2 protein chains.
Amino acid sequence: MENLLRTFRDIGNLSPENEKLLLSTIERVEYPSKTILLEEGNVCNNLYFVEKGLIRIYLYKDGKDVTCWIGPENEFVGAIGSFFTREPSNKWIETLEPCVLWKFEYAKLEELFSSSRELEKIGRLFSNQGILLLDKRLDNIHFNTAAERYEIFINTHPGILQRVPLSMIASYLGMTQETLSRIRSGR
Amino acid sequence: MENLLRTFRDIGNLSPENEKLLLSTIERVEYPSKTILLEEGNVCNNLYFVEKGLIRIYLYKDGKDVTCWIGPENEFVGAIGSFFTREPSNKWIETLEPCVLWKFEYAKLEELFSSSRELEKIGRLFSNQGILLLDKRLDNIHFNTAAERYEIFINTHPGILQRVPLSMIASYLGMTQETLSRIRSGR
DNA sequence: CGCCGAGTTGAACTGAATCAAGAAACGTGG
DNA sequence: CCACGTTTCTTGATTCAGTTCAACTCGGCG
């Protein structure tokens, strides 16, 4: 929880009252490994902050499981496409490990941001952070080769390789499991 | 200008006073074709709304010109990575046609959003829209083949193919000019 | 006319996917 | 604590989508 608060404090000014307000709108939840948090076809109603564990977003493209996002400790995860549009998601979300999460419900989050000037601003800057994340990943996948993407991954997500099946990382990086295995072994 | 205002009105509530405030913070600028609006190494200080014309963002990867984004009429364009972090951009921005643009300066935009509760909210929802755009493009480039990406492009950007050199569209879609030429002719 | 940039087409090449076995690691029940 | 089946990872052979390199076409314009 300390890390969660720090994330917001780093973004903007968070007064003690607003901090309390924030904490009152979110819920601490625990799930065992391999729990489905969102099914395709449903609207994504929650954003999760990962306190402990690991979450994955994925979808089925031509019947194959493809990882869209991997969320380790201290990161926010959600099917943002559906979360913001309020339309059914084409993506699934699952836990890959036993998890402790902080759940941000859509309606409550909107209410939170609307409840004070300061929070509204934090919300805006929070979204800007999200834009930066996506922009970076977009550039990465647009311009870099499979080997470069792997290199960047192990640098930006140290330790995750050991915690997630290779196949999931491979599709996250836009390559097959075999290719990743070969890159990893130095061909 | 009407289209610009409509964009914001569609997002949230824009009172007449705030509308006036908004208009007073932006500047209408005109540039001839092939004008450089941002050079690599500089911080991107402006976001542009394209009233008329066409803007392109690009960078040099291994000495080659690669298009990152194409902004036609009624869209916002800027090197958001640099714009939000206030760090030097690795990207360039140029006009591809004579342009009429509305310039949103970083500091003024922040001031605008800070100047009222309503505008702060509009700013937040505006950023959320940006997230949606990036999320869509990320999925597109992550999961689809060259031919699929082309198909989606001509549907989402009708007419642009006729206005932009093929090489720029090709690199925007993550393929070579020759490949795009072949896809277009049906192999 | 003849040049020049933009687009097309062809042939050879290559990075990565696919298909197909194995090997290693893992977990569960006896 | 071992045995067995399942899942995960590696390795090899082949195929394929897309790149590279190079030549050629076309239309505009001095």
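A note on names: the letters A, B, ... follow the listed sequences, proteins ahead of strands, and every chain is numbered from 1. Owing to the predicted nature of the structure, the values given are computational and were not obtained by experimental measurement. We use all heavy atoms of the structure for the numbers below, so side chains are in, but hydrogens, waters and symmetry mates are not.
Arg86(B) and Glu110(B) are not joined by a salt bridge, as no carboxylate oxygen comes within less than 4.0 angstrom of a charged side-chain nitrogen.
Whole-Å rounding puts the Tyr150(B) OH to dA17(D) C1' distance at 18 Å. For Leu166(B) and dT9(C), the CG to P distance is 12 Å, given to the nearest whole Å. We find that CG of Leu161(B) is positioned 13 Å from C1' of dA6(C), with the value rounded to whole Å. Taking atom CD of Gln162(A) as the reference point, atom C1' of dC9(D) lies 14 Å away to the nearest angstrom. Rounded to whole angstrom, the span from the CD atom of Gln177(A) across to the P atom of dT7(D) amounts to 14 Å. The distance between atom CE of Met175(B) and atom P of dT20(D), rounded to the nearest whole Å, is 14 Å. Glu178(B) places its CD atom 10 Å from the P atom of dC21(D), with the value rounded to the nearest Å. For the pair Leu180(A) CG and dG15(C) C1', the interatomic distance rounds to 15 Å; values are reported in whole Å.
With a 6.0 Å cutoff to the six-membered ring centre and a 45° limit on the axis angle, Arg124(B) does not count as a cation-pi contact of Phe113(A).
Distances shown here put a side-chain N or O of Thr179(A) below 4.0 Å from the OP1 or OP2 atom of dA17(C). Contact annotation: Lys64(A) reaches the phosphate of dT18(C) (side-chain N/O to OP1 or OP2, under 4.0 Å). For the OP1/OP2 pair of dG18(D) and a distance below 4.0 Å, the side-chain nitrogens and oxygens of Thr176(B) include no atom meeting the criterion. Between Ser167(B) and dA6(C) there is no side-chain polar atom (N or O) within less than 4.0 angstrom of OP1 or OP2.
Using modelled atom types, one finds a donor on one side chain and an acceptor on the other under 3.5 Å when comparing Thr67(B) with Arg56(B). Checking Arg137(B) against Asn140(B) by side-chain atom types alone, no donor-acceptor pair falls below 3.5 Å.
Taking every side-chain heavy atom of Pro165(B) into account, dG7(C) is the closest of dT10(D), dG7(C), dT8(C).
Taking the six-membered ring wherever Trp is involved, the centroid distance between the rings of Phe49(A) and Phe104(A) does not fall below 6.0 Å.
Judged by distance alone with a 3.5 Å cut-off, a donor-acceptor contact links the side chain of Arg182(A) to the base of dT18(C).
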